[in-house]
There are 2 protein chains.
Amino acid sequence: MSKVINIKSIKVSCSQCSLSQLCLPRNLDHEDFEALSSIVKRERPLLKGEPLFELGQPFKSLFAIRTGSVKVFLPTNEGDEQIVGFHMPGELLGFDGMGHDSHSCSAVALESTSICELPYNRLQDIARELPSLTEHFMTLMSNEIADEHAMMLMLAKKSAEARMATFLLSLSARFSKRGFSARQFNLTMSRHDIANYLGLAVETVSRIMTHMQDAGIINVDRRFVSIENMDGLRGLAGFTSTSPVCAEHHE
Amino acid sequence: MSKVINIKSIKVSCSQCSLSQLCLPRNLDHEDFEALSSIVKRERPLLKGEPLFELGQPFKSLFAIRTGSVKVFLPTNEGDEQIVGFHMPGELLGFDGMGHDSHSCSAVALESTSICELPYNRLQDIARELPSLTEHFMTLMSNEIADEHAMMLMLAKKSAEARMATFLLSLSARFSKRGFSARQFNLTMSRHDIANYLGLAVETVSRIMTHMQDAGIINVDRRFVSIENMDGLRGLAGFTSTSPVCAEHHE
DNA sequence: CGGCCTATTGACGCTACTCAACATGAGTGG
DNA sequence: CCACTCATGTTGAGTAGCGTCAATAGGCCG
């Protein structure tokens with residue numbers, strides 16, 4: 001009996017989910033929450049390496065991350081991949097397929113990851129009664145566009161060291177926003193993934209992390225990162241002390 | 001009197017505009033066109049270098065390009081800019097501000113450019129009666145996301161030569177789509193802008209264009225480009241100059 | 001313990017940047 | 001019409017940053 005209750009407790013309403021402020025509009029009333037909760041599908045968690053969606057698959061849903069993390073990537077014509085984003089709890093994925101038949105990129109879990117699936121046709125039904133939902137998706141999409149602009153700037157102009165510093169600051173800010181420490185966290189992605197995302201070689205990422213450690217900016221032990229000198233890191237990233245930590249929204 | 005008629009003739013309806021198939025949904029009837037036409041503002045054309053909108057300005061409208069072209073860019077903290085896109089007739093701009101108070105990037109005209117301004121609050125009114133309009137904007141935004149993913153791949157992985165080739169092919173395809181030659185066109189942007197966009201130095205862009213000309217792939221005279229060997233250009237766009245396939249078989 | 005995968009470190013080379021000189025064209029004024 | 005200037009583009013020489021290749025170390029799991 002207690003088991004049944006446990007299973008039910010997993011299927012919490014969106015109104016009780018601490019992440020809803022990240023993936024849903026803020027002005028929802030109880031009824032709105034119920035309508036949204038009723039269409040959310042929660043399958044078993046994905047294991048590390050399992051795809052959330054893949055390039056070319058029909059677009060049917062948006063996906064919100066509850067726990068875990070995900071990488072989004074394109075195939076390259078040399079047979080490997082280009083990672084275009086990492087996503088953590090509270091973030092919505094799948095906008096690439098919005099208004100299209102199929103997804104234009106792939107997403108796989110970086111660790112055990114639980115997901116809320118939001119079937120798009122059901123979302124459209126709700127959005128008809130709830131214009132702020134459409135508005136909210138627009139906001140999230142334009143955030144994604146702004147993030148990608150910032151990423152293009154980084155890839156086009158910044159040095160390897162500045163890219164790495166910016167990446168760590170971005171993770172720090174996102175962990176912090178979710179109530180975790182801004183100074184200490186575990187990377188959920190491999191060095192290979194980091195290098196791929198930042199347009200660098202794995203060896204370069206490795207070297208830069210040791211340089212930063214030698215300079216007393218960070219401490220690294222495998223995937224555990226501890227930021228020892230936040231201002232120093234901001235300096236490496238190319239930000240003045242008054243400029244924003246990073247341009248990333250990732251709500 | 002004839003002058004008045006001329007001025008009026010500039011204010012054509014969207015239904016008569018050959019570009020409407022690019023910036024508006026396809027299933028519109030006469031009434032829809034009239035509703036949209038009635039809210040479109042057409043100011044005097046922008047001169048070269050004049051801003052269409054600027055970072056931080058309140059977001060009030062989307063903008064469609066009628067004639068001319070525009071570059072969109074972010075400021076860098078070194079004081080210069082990073083160009084994140086070029087836009088030509090039939091394309092809609094300003095999605096970066098959607099769902100926000102203000103624009104997250106700037107746009108300036110590269111040449112004399114005439115614009116249709118679409119006030120966003122009026123658009124929302126129309127969209128309430130015309131769901132396919134919202135759907136269309138979603139499609140355009142997700143296209144923009146997909147384009148930026150492709151750009152990130154390019155900046156992270158491709159050689160200077162491949163970037164330049166990809167850029168020329170992209171222009172070619174876009175001119176072609178608008179009824180112009182896919183093989184001959186004028187660049188509306190300077191070498192400086194091209195280099196900035198592609199994350200290269202101006203000198204590199206210049207050298208690569210001469211190399212391509214020497215190889216018989218293109219002909220360049222100032223801003224006029226003529227593609228002499230489309231397949232050759234596609235080859236350059238797909239493989240790095242050091243990749244085995246190119247080095248072995250295409251010396 | 002042994003195999004495998006991920007990460008680190010070093011040596012070397014290449015791509016593309018920087019610096020600098022020069023060429024060309026557009027615009028201006030005499 | 002030419003001379004002048006300024007902006008834009010081209011070309012060359014030298015170099016730095018980062019990638020490639022290769023060897024080694026360390027953690028994880030059967």
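In what follows, chains are A, B, ... by sequence order, proteins preceding strands, each numbered from 1.
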Output field: ring centroids B:Phe180/B:Phe185 closer than 6.0 Å: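 That pair fails the under 6.0 Å test.
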Heavy-atom closest contact (B:Gln184 atom, B:Ser226 atom, distance):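 Taking every non-hydrogen atom into account, OE1-OG, 3.5 Å.
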Sequence-aligned protein contact record of nucleotides 19-24 of chain D, with B where the base is within under 4.0 Å of a protein heavy atom and S where only the sugar-phosphate is: SBBB--
Check against ring-ring contact (aromatic ring centres under 6.0 Å, His included), A:Phe86 and A:Tyr197: CA-CA 9 Å; A:Phe86 297 110; A:Tyr197 177 60; 5.0 Å; yes
For atom [atom1] of [X] and atom [atom2] of [N], their distance in whole Å:
{"X": "B:Leu155", "N": "C:dA16", "atom1": "CG", "atom2": "C1'", "answer": "14 Å"}
{"X": "A:Lys158", "N": "C:dC17", "atom1": "NZ", "atom2": "C1'", "answer": "19 Å"}
{"X": "B:Lys48", "N": "D:dA7", "atom1": "NZ", "atom2": "P", "answer": "12 Å"}
{"X": "A:Lys157", "N": "C:dA16", "atom1": "NZ", "atom2": "P", "answer": "16 Å"}
{"X": "B:Arg191", "N": "C:dC17", "atom1": "CZ", "atom2": "C1'", "answer": "19 Å"}
{"X": "A:Met164", "N": "D:dG17", "atom1": "CE", "atom2": "P", "answer": "19 Å"}

Point-to-point distance, once rounded to the nearest 0.5 Å, from CZ of B:Phe167 to CG of B:Leu198: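 CG of B:Leu198 is found 6.0 Å from CZ of B:Phe167.
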Positions of residues 208-224 of chain B (non-hydrogen atom under 4.0 Å from DNA chain C), listed by number: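 Result for residues 208-224 of chain B: B:Arg222, sorted by number.
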Mutual orientation of the aromatic rings belonging to A:Phe53 and A:Phe63 [parallel < 30°, tilted 30-60°, perpendicular > 60°]: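 Parallel, since the angle between the ring planes stays under 30°.
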Criterion side-chain contact (heavy atoms from CB on, under 4.5 Å) against A:Leu140, the qualifying member of A:Leu22, A:Leu62, A:Ile145, A:Leu92: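 By the side-chain contact (heavy atoms from CB on, under 4.5 Å) criterion, A:Leu140 pairs with just one of A:Leu22, A:Leu62, A:Ile145, A:Leu92: A:Leu92.
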side-chain contact (heavy atoms from CB on, under 4.5 Å) partner of A:Glu81, chosen from A:Val72, A:Asn196, A:Leu74, A:Val108: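 Of the listed options, the one satisfying the test is A:Asn196.
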Test item: A:Asp96 side-chain N/O and A:Ser104 main-chain N/O as donor-acceptor pair under 3.5 Å: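 Judged by distance alone, yes, a pair lies under 3.5 Å.
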